[in-house]
Structures are given as C-alpha cells and as structure tokens.
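Naming convention: chains lettered A, B, ... in sequence-line order (proteins, then strands); numbering from 1 in each chain. Quick note: numbers below take in every heavy atom, side chains included, and nothing from hydrogens, waters or symmetry partners. Quantities reported herein were computed from a predicted structural model and do not represent experimental measurements.
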There are 2 protein chains.
Amino acid sequence: MIELILETGYELLRDMPQKYTILDIAKTAGVSRGTVSRVLNNHPSVSDQTRQKVLEVIKRLDYSPNFSARSLRTAASNMVGFATDEVITTPFAVDIIRGAQDTLSQYGKVMIAINTGYDSQAMQKSMEVLLERRVEGIVYAAMFHREIDIPAQLVERIPVVLANCFSKDQLLPSVVPDEVSGGYNATKALLDAGHTRIGFINLSRAWGEPIAPLPASDGRLKGYKKALAEADVPYDEDLLHYTDQRPTSSYDKTLEIMQKDDPPTAIFCGNDRTAMGCYNALMSLSLRIPDDVAVVGFDNQSNLCEALYPSLTTVQLPHYEMGQWAVEYLLNHADDSVDPPQHKLNCPLVTRDSV
Amino acid sequence: MIELILETGYELLRDMPQKYTILDIAKTAGVSRGTVSRVLNNHPSVSDQTRQKVLEVIKRLDYSPNFSARSLRTAASNMVGFATDEVITTPFAVDIIRGAQDTLSQYGKVMIAINTGYDSQAMQKSMEVLLERRVEGIVYAAMFHREIDIPAQLVERIPVVLANCFSKDQLLPSVVPDEVSGGYNATKALLDAGHTRIGFINLSRAWGEPIAPLPASDGRLKGYKKALAEADVPYDEDLLHYTDQRPTSSYDKTLEIMQKDDPPTAIFCGNDRTAMGCYNALMSLSLRIPDDVAVVGFDNQSNLCEALYPSLTTVQLPHYEMGQWAVEYLLNHADDSVDPPQHKLNCPLVTRDSV
DNA sequence: TACCATTATGGGATCGATCCCATACGCAAA
DNA sequence: TTTGCGTATGGGATCGATCCCATAATGGTA
C-alpha cells in the first residue's frame with residue numbers, strides 16, 4: 001500500500017485525508033507501534049540504531065502524527081482559546097494577540113482565536129466551541145480597558161484570564177494597563193521639561209454607549225494629579241477638559257483652553273487622536289510645538305504619532321505585554337488557589353519631538 | 001519536522017478533569033451510547049421522548065463532547081490555519097483576520113492563528129504544527145500587498161490560499177486588492193470634481209528592505225493614468241512624485257509640487273500618512289482644503305482619516321473581504337483542478353470632506 | 001392473523017495514538 | 001553455568017466518540 005501511494009504521486013496523496021499512521025511507519029521500519037511511539041516521544045530506552053531507522057522512515061514518508069489520536073489518550077490539547085469582543089477602537093490593540101501568540105508558541109502550544117460578538121448568547125456559543133476542543137484555558141481580551149461580565153457558568157468549567165479588562169468583583173485574574181502610571185509619566189515628562197501650567201484634555205466618559213466608569217479616564221487624571229502634587233504644582237481645575245470622540249472636539253477644547261487668562265504652556269491629551277486635533281488648533285493660533293506649547297499624547301498609535309510634525313511624544317499602552325502576561329499566568333498559575341491577581345503593567349513614555 | 005517532534009517532552013501528561021463521557025450520559029439517561037450519539041448529531045430516527053430525555057441529561061451534567069475522539073473517527077478537524085508574517089505596516093490589515101474568522105464561524109469551523117515569523121525555518125515549524133492538527137487548509141495573509149514564497153513541500157501536502165499576497169508563478173489561488181481600481185477611483189473622483197491638474201505622490205519602491213516590484217505603487221499609477229486617459233487629460237510626468245516613509249518626505253514633496261509653474265489643484269496621495277504630510281504642507285502654504293486644493297488618500301485608516309480636518313476622502317483596501325474570499329475559496333473550491341484563480345477585489349472610494 | 005416496511009435502539013468494531021505489562025536479550029557477578 | 005538486572009521491544013488494552021449491522025418495536029396492508 002505504501003509503495004502504491006509513493007508511486008502515484010501527491011495528487012492522490014492529497015485526497016487521502018489521513019495519509020500514514022504510526023502502523024505504516026512501524027511496518028516500513030520493521031518495528032512495532034510501541035517503538036515508533038517511543039521514538040516520537042523521545043523515550044530513552046530505544047537503541048540508537050532503531051531510533052535512526054525509524055526517524056529516517058518518518059522523514060522519508062513525510063509522516064506527521066495525528067494530533068486527535070494523541071490527545072484522546074493523553075488528554076492534553078495544547079490549545080488555548082483567545083476570545084475578543086469585536087469593538088476595535090485602537091487598532092494597535094491587536095498587539096495583545098501577538099503577545100499571547102508568541103508566548104504560546106514558546107510553550108509549543110497554539111491559539112484558537114474566536115470573536116464572541118456582542119450578545120452573551122453568541123458568546124456562550126463561542127465558548128462551547130472552545131470547551132468542546134478541550135482548550136487548557138481561555139484568554140479574554142477587550143479592545144479597550146473596561147469592566148466585563150463573564151458568565152459564571154463558564155468560569156466554573158475552565159480557567160479564564162482577562163487581558164485589558166477586569167471582572168466585576170475581581171474574581172478572575174486580570175492584567176490591565178496601569179493608567180495612573182501613564183498619566184503620571186506623561187505629566188512628569190512635561191514637569192521635567194520645566195512646565196508648570198499643564199492643560200489636560202481627558203477622554204470623556206460618554207464613549208458611544210454609556211459605560212459605568214472609564215478606567216482610562218479616571219486613572220490618567222489620578223496620575224496627572226499625583227505628578228503635580230509631587231512637584232508641588234497646584235492643581236487647577238480650569239486646566240481640565242473633557243472631549244468626546246468627534247474629530248473637532250479636541251480642536252475646540254484646545255482653542256478654549258488657550259484663550260483663557262494664564263494659558264498653559266503644555267497640554268496632555270487623553271489619546272493621540274485628541275493630540276492631533278490639538279496640533280491643528282495650536283497651528284491655527286500660530287503657536288509652535290514644542291517651543292510655545294508642548295504636547296503629550298496617549299496610546300502610541302505609531303501610524304499617527306510618527307506622521308505628525310513634530311512627531312508626537314506619547315505614552316505606550318502595554319498591549320503586547322498584557323498578552324504575554326495573560327498566557328504565562330494561564331499556563332503556570334491557573335490552578336493556584338490564591339486571590340486572583342489584578343495585575344497592572346506600567347505605561348512607559350515614548351519620547352519623540354513634541355516636548 | 002523531526003526537530004519539532006523531538007522537542008515535545010515525553011512527560012506531557014496533564015491531568016485535565018475529563019468531565020463526563022458519552023457513556024456517562026447514556027447510563028444516566030438509561031439508553032445506549034449509540035442513541036446519545038444520534039441525539040448529538042441530530043439523526044432523525046430517535047423518538048422524541050428519548051431525545052428529550054437525553055438532552056435533559058446532557059444539559060444537567062454540563063456535558064460537552066470530546067472533540068478529539070470525534071475527529072479521530074470522522075477525520076474532520078473543522079479547523080483552518082491562519083498564518084501571517086509579522087510585518088504590520090497597516091494595523092487595519094487585521095480586518096483580514098476578522099473577515100476570515102467570521103466566515104469560518106458561519107461554517108461552524110474555527111481558526112488556529114499562528115505567526116510564521118521572518119525566517120523560513122520558523123515558518124516551516126509553524127506549518128508542521130498546523131499539519132499535525134490536520135487543519136483543512138491554510139490561509140496565508142501578508143500585512144501588505146506583495147509577492148511571497150511558500151515552500152513547495154507544504155503546498156503538496158495541504159491546500160493553501162493566499163490573501164493580500166501572491167506567489168511567484170501564480171501557482172496558488174490568491175486574493176489581492178485591485179490596486180488599479182483604487183488608483184482609478186481616486187483619480188476619477190478628482191476628475192469628476194472638475195480637476196484636471198492632479199498631482200500624484202506615489203509610494204516609493206524603497207520600502208525598508210528592497211522588494212522586487214511594489215504592486216501597490218505600480219497598480220495605483222496605472223489606475224491614475226487610465227482615469228486621465230479616459231477623461232482625455234494628458235499625463236504630465238512633472239505631477240508624479242515618490243515618497244519614502246519618512247514623516248517629512250511627503251511634506252517636502254508637496255511643497256515641491258506646489259511651487260512649480262502651473263501647480264495642481266488636486267493631489268492624490270499614495271496612502272493616508274502621505275496625505276497627512278500633504279495636509280500640513282498645504283496648510284503652511286495657506287491653501288485651503290478642498291477649496292484651493294483637493295486631496296485624496298489611500299488605505300482608509302479610520303483613526304487617521306477621521307481625525308484630520310477636513311476629514312480625508314480616501315480609498316478603502318478590501319481587507320475584510322479578502323479574508324472572507326480566502327476562506328470561502330478554501331472551503332469550497334480548494335480541490336478544483338483548474339488554474340488557481342488570482343482574484344482581485346475592488347478598492348472603493350470612501351467619500352469624506354477633502355474633495 | 002400473517003407479513004413486510006419503517007422506525008428505534010443496542011452494542012461490537014473502529015479511528016490512531018499512548019500506556020503498560022510481558023518477554024527477549026545482553027552482560028556482569030555469583 | 002546459573003542468576004539477576006537493566007535495556008530494548010512487542011503487542012493487548014485503552015482513550016471517547018462514530019459507524020454500521022443486528023434486532024426489537026411499531027404500524028399499515030393484504
């Protein structure tokens with residue numbers, strides 16, 4: 001049978017879904033199934049001669065073991081589910097996926113990616129798919145930092161780690177950006193550059209539909225205040241504004257903020273898009289960046305920051321690192337019976353030319 | 001492959017609490033395994049009474065069938081591999097993933113996502129992982145439109161469809177953006193608005209490392225010329241410029257192009273980033289958009305286009321649709337013994353306020 | 001009532017690997 | 001030579017589902 005297949009070329013081979021089995025290899029090499037299995041799994045008690053013979057046959061026949069058969073017996077799926085909602089506000093949030101994927105492949109495991117969609121029924125269905133496949137756990141990632149609701153039923157059945165989001169009562173391990181550190185780092189960079197009047201155009205709570213607290217907004221403000229306090233610079237409420245996501249909003253706010261008495265010499269923007277509107281407004285006022293007014297953004301959307309002139313100093317969200325952390329925790333500590341950690345990752349400053 | 005196998009340790013035993021089996025369900029419901037299997041697979045010849053009884057037990061015990069066991073017998077993995085290189089120039093290219101994923105879930109299948117990395121050895125290894133898992137096929141997606149090289153050895157063993165890229169001799173089915181249509185649509189929009197002097201700041205061939213032909217650049221130029229020809233507007237080589245990806249490059253080129261005799265009244269930019277530099281240059285010349293000079297971009301990077309003022313009219317790359325097409329073709333036509341199609345998808349205009 | 005077609009159900013064989021017990025072999029010590 | 005022990009190998013049992021044949025139950029018709 002083996003000879004037949006070899007002679008007829010790959011056209012036929014491709015039609016045969018299962019190709020060769022361990023038995024084909026065993027027969028061809030003149031050994032038993034058990035021996036081939038031992039070679040495959042690097043078991044010590046196989047003679048070098050036999051091992052070489054088997055490996056040679058494996059290579060020659062392009063044999064690759066059937067994963068389903070193996071995992072049926074060993075109950076090791078070597079798969080992790082990666083679920084996301086579909087809401088993409090920051091396209092760079094996909095770095096979470098990359099971080100998770102790279103870490104998984106270090107462990108020789110793979111990721112099954114699914115979208116949960118919006119309604120919890122579709123989510124339930126997606127999760128069933130993952131359970132059926134006996135994934136070792138699930139990483140649930142949100143596309144922006146927020147609170148989410150995972151069905152309790154699911155959590156009882158399989159380890160779940162949250163990335164860029166957290167659950168209501170902090171019952172699940174989660175990793176999120178340390179927004180406070182981000183706000184602090186941005187503000188401190190401006191303080192260090194000698195600024196003491198620092199405007200802050202923060203993100204609005206009204207981000208599309210109403211979401212209870214917006215951790216990004218609250219955290220960054222906290223960091224802003226903390227940096228000011230440390231530098232003994234008084235907090236001035238007049239310097240704080242909120243924008244919604246309409247394009248002209250931050251433009252208008254910047255004009256407003258600059259036309260007051262004692263205008264700021266620096267502006268910290270809640271995200272890079274906001275900073276872009278800010279740039280336009282400053283330009284229309286014939287103010288130079290950073291000579292007249294320094295600007296710092298948030299998000300580090302590289303397609304935007306680097307395209308601006310001068311390029312935008314901003315704060316980086318640790319998307320890649322969140323993906324890494326979530327997988328590491330899932331694989332190594334999912335069974336720990338401790339309070340689920342709520343891990344926060346620093347948001348470092350990315351220095352460019354706007355400060 | 002052999003290296004890969006050797007690396008998998010022997011003691012990969014992980015005790016996963018293997019919930020219930022089909023036999024548990026059968027016993028609890030007082031029926032046989034076969035009957036439970038029939039219920040699970042919606043087989044008609046099961047009495048309503050029995051079916052209800054079994055379903056009730058399944059629900060009560062939170063039973064979910066073991067996928068490995070099923071696919072061992074049926075040889076249907078219901079999985080498709082999705083491989084990408086890591087080079088992300090346009091973050092929105094992830095829409096390819098979404099398109100593929102959504103289509104797969106319509107078929108009740110899932111995606112295994114992997115990064116191939118840069119070197120072909122790492123790629124080979126990734127592919128082995130997919131083969132071992134008996135995926136039905138592989139979608140290989142590039143993050144920008146280009147030619148790629150898939151190992152012949154792989155292609156012989158499993159169906160492969162390319163998205164946003166193509167193979168040297170067009171031996172593999174592929175789906176790519178119709179760059180010509182994009183260039184045409186952009187230029188035509190400007191012609192329709194009454195412009196006859198249309199500058200074109202095209203993408204440079206020198207995109208980081210040297211890549212043979214840059215389909216985006218060549219195609220868009222072709223579309224530009226085609227639209228001009230159709231409108232009987234002579235092609236003027238003075239209006240064509242190339243930028244590299246340095247931030248200030250398109251700024252400088254715009255100044256250069258506008259300071260010539262008989263400057264253009266409209267500029268078509270090779271991508272949205274280029275358009276952004278163009279905006280800045282026009283603003284510094286005190287020219288209003290679109291009143292003095294109209295601008296069209298390319299890519300439709302929404303975080304950028306909508307943040308610009310006025311918002312940028314641009315051309316959309318059909319990322320989502322490429323993902324859809326690739327999966328559809330893979331599932332329905334992979335075995336067709338015809339010349340592998342090289343499918344091109346239209347790049348539609350997205351109208352905003354800059355024309 | 002006898003007969004046949006259809007529906008409903010049970011259970012053995014099977015998929016391709018691993019696990020593990022039994023056994024053959026080689027070699028050193030008694 | 002015999003005994004003993006570790007190494008190398010073979011092959012039956014097993015994982016959890018599906019497939020399929022055999023058989024029981026049901027219902028309609030002659």
Side-chain angles (χ1 to χ4, degrees), chain A residues 1-2 16-55 57-58 61-78 131-134, chain B residues 4-5 8-55 57-58 61-78 131-134:
Chain A
M1 163 190 162
I2 290 163
M16 313 195 95
Q18 287 297 346
K19 304 193 309 172
Y20 299 111
T21 72
I22 205 171
L23 190 58
D24 297 321
I25 305 300
K27 279 183 185 163
T28 309
V31 297
S32 72
R33 297 170 359 257
T35 300
V36 177
S37 176
R38 272 176 288 250
V39 171
L40 287 172
N41 292 287
N42 227 12
H43 194 281
S45 63
V46 179
S47 73
D48 272 355
Q49 193 189 359
T50 308
R51 168 169 278 122
Q52 288 311 317
K53 193 169 57 181
V54 171
L55 286 176
V57 173
I58 286 176
L61 298 190
D62 256 351
Y63 166 76
S64 111
N66 183 313
F67 178 80
S68 288
R70 169 179 291 173
S71 75
L72 176 58
R73 189 64 222 243
T74 63
S77 72
N78 280 318
L131 287 173
E132 216 177 47
R133 272 155 155 111
R134 300 289 189 269
Chain B
L4 176 71
I5 292 172
T8 62
Y10 188 66
E11 57 286 25
L12 269 183
L13 254 172
R14 234 190 130 120
D15 49 313
M16 268 220 309
Q18 191 75 308
K19 305 282 294 181
Y20 297 105
T21 73
I22 205 172
L23 189 57
D24 297 320
I25 305 301
K27 278 183 184 161
T28 308
V31 298
S32 72
R33 293 165 7 250
T35 300
V36 176
S37 175
R38 265 165 283 211
V39 171
L40 287 172
N41 292 286
N42 272 327
H43 194 281
S45 62
V46 178
S47 73
D48 272 355
Q49 193 188 358
T50 308
R51 168 169 276 122
Q52 288 312 315
K53 195 169 54 184
V54 170
L55 285 176
V57 173
I58 286 176
L61 296 190
D62 256 351
Y63 166 76
S64 108
N66 183 313
F67 178 79
S68 288
R70 169 179 292 171
S71 75
L72 176 58
R73 186 69 221 241
T74 63
S77 71
N78 280 316
L131 287 173
E132 208 177 46
R133 275 161 153 106
R134 300 288 190 270

Within less than 4.0 Å of OP1 or OP2 of D:dA17, is there a side-chain N or O belonging to B:S37? no
Minimal non-hydrogen separation, B:N41 against B:R70, with atom names: OD1-NH2, 4.3 Å
Quick one, A:T50 and A:V39 - any side-chain contact, counting heavy atoms below 4.5 Å? no
Starting from P on D:dC19, measure out to CG on B:L40 and report it in whole angstrom. 12 Å
Output the rounded distance in Å from CG (A:N42) to P (C:dT18). 12 Å
Euclidean distance, atom CD of residue B:Q49 to atom C1' of C:dT7 [Å, nearest integer]: 14 Å
Those residues that, when tested against B:R133, pass side chain to side chain contact (heavy atoms under 4.5 Å, CB included) (two or more places apart): A:F67, A:N78, A:M79, A:V110, B:M79, B:I112, B:V129
How many Å lie between CD1 on A:I25 and C1' on C:dA17, as a whole number? 13 Å
So do B:Y20 and B:I58 actually touch side chain to side chain, heavy atoms under 4.5 Å? no
Are more than 12 heavy atoms, taken from residues, nucleotides or ligands other than B:K53, located less than 6.0 Å from that residue's NZ atom? yes
Quantify the bending of the helix from C:dT1-D:dA30 to C:dA30-D:dT1 as the angle between its end axes, each fitted on five pairs, to 10°. 60°
Pair B:R73-A:S68, side-chain donor/acceptor within less than 3.5 Å: no
Check for a donor-acceptor pair, side chain of B:S37 on one end and backbone N or O of B:R33 on the other, with a separation under 3.5 Å. no
Does C:dA17 have OP1 or OP2 sitting under 4.0 Å from an N or O in the side chain of A:Y63? yes
Expressed as a whole number of angstroms, how long is the span from B:D24:CG to D:dG16:C1'? 10 Å
Should B:V31 and B:V36 count as side-chain neighbours, where that means a heavy-atom distance under 4.5 Å? yes
Rounded to whole Å, how long is the line connecting atom CG of A:N78 with atom P of C:dT18? 13 Å
Per A:A69 side chain, nearest of listed nucleotides D:dC19, C:dA17, D:dG16: C:dA17
Taking protein heavy atoms under 4.0 Å as touching, what does nucleotides 4-14 of chain D look like 5' to 3' if B marks base contact, S marks sugar-phosphate-only contact and - marks none? ----SBBBBBB
With side chain to side chain contact (heavy atoms under 4.5 Å, CB included) as the criterion, how do A:Y63 and A:T28 come out once you've worked through the C-alpha distance, each side chain's angles and the decisive distance to 0.1 Å? CA-CA 12 Å; A:Y63 166 76; A:T28 309; over 6 Å; no
Given C:dA17, D:dA17, D:dT18, identify the nucleotide with an atom nearest to the side chain of A:R70. C:dA17
Check the phosphate of D:dC15 against B:N66, side-chain N and O only, distance under 4.0 Å to OP1 or OP2. Yes or no? no
